[in-house]
Amino acid sequence: CTNLAVAPVLPAPALSTSCYVNMFAGCTSLKHVTMLATSIGFFALSNWMANVSSTGTFVKAPSMNSLESGTSGIPSGWTVVNYGE
């Protein structure tokens with residue numbers, strides 16, 4: 001996945017336990033992710049954004065306010081925008 005720059009939109013409103021674990025890990029060209037979940041299960045995003053681009057855009061549901069920063073959330077250095085804005 002080293003050539004993936006824009007992830008497909010992830011429209012699921014709820015993420016079950018461990019569902020996106022390591023999903024984009026190692027996608028070094030990834031610079032844009034739209035993830036619309038507002039309910040995140042235990043370890044659902046564990047390490048999912050490890051070793052992606054150091055800058056990019058993360059699009060989230062406007063009501064989502066609890067995503068952590070880093071490889072198991074929104075990568076540090078990425079711009080966060082609300083979906084639809």
Tell me the closest heavy-atom pair linking Ile40 and Ala37, and the distance in Å. CD1-CB, 3.8 Å
Without swapping roles, check the side chain of Ser18 against the backbone of Ala44 for a donor-acceptor pair under 3.5 Å. no
Decide whether Val80 and Phe24 are clustered together by the hydrophobic rule: side chain heavy atoms of Ile, Leu, Val, Met, Phe, Trp, Tyr closer than 4.5 Å, transitively. yes
Are Met35 and Phe43 connected into the same hydrophobic cluster when the rule is that any two of I, L, V, M, F, W, Y join if their side-chain heavy atoms are below 4.5 Å apart? no
Donor + acceptor pair across side chains of Ser76, Ser69 (<3.5 Å): yes
Closest approach of Thr71 and Ala50, non-hydrogen atoms and distance? CG2-CA, 3.7 Å
What's the separation between atom OG in Ser53 and atom CG in Leu4, rounded to the nearest 0.5 Å? 11.5 Å
Is the shortest side-chain heavy-atom distance between His32 and Val59 below 4.5 Å? yes
Using only atom types and a distance under 3.5 Å, with no angle test, would you say the side chain of Trp78 pairs donor to acceptor with the backbone of Lys31? no
Test side chain to side chain contact (heavy atoms under 4.5 Å, CB included) on Leu45 and Leu15 and set out the steps. CA-CA 9 Å; Leu45 301 177; Leu15 305 181; 3.7 Å; yes
Output yes when a side-chain donor or acceptor of Thr28 lies under 3.5 Å from a complementary backbone atom of Val52, and no otherwise. no
Kindly compute the distance separating OG (Ser63) from CG (Asn82), expressed to the nearest 0.5 Å. 8.5 Å
So do the side chains of Leu10 and Met23 get within less than 4.5 Å of each other, counting heavy atoms only? yes
Under the side-chain hydrogen bond (donor to acceptor under 3.5 Å, both in side chains) test, residues paired with Thr38 that sit two or more places apart: none
Among Val33, Val81, Asn65, Leu36, find the one that has a side-chain contact (heavy atoms from CB on, under 4.5 Å) with Lys60. Asn65
Taking atom OG of Ser46 and atom OH of Tyr20, what is their separation to the nearest 0.5 Å? 15.0 Å
What about Val9 and Met49, same hydrophobic cluster or not, with Ile/Leu/Val/Met/Phe/Trp/Tyr joined at side-chain heavy-atom distances under 4.5 Å? no
Aromatic plane relationship, Phe58 with Trp48 - under 30° parallel, 30 to 60° tilted, over 60° perpendicular: perpendicular
Which pair of non-hydrogen atoms, one from Ala25 and one from Asn47, has the smallest distance, and what is that distance? CB-O, 3.7 Å
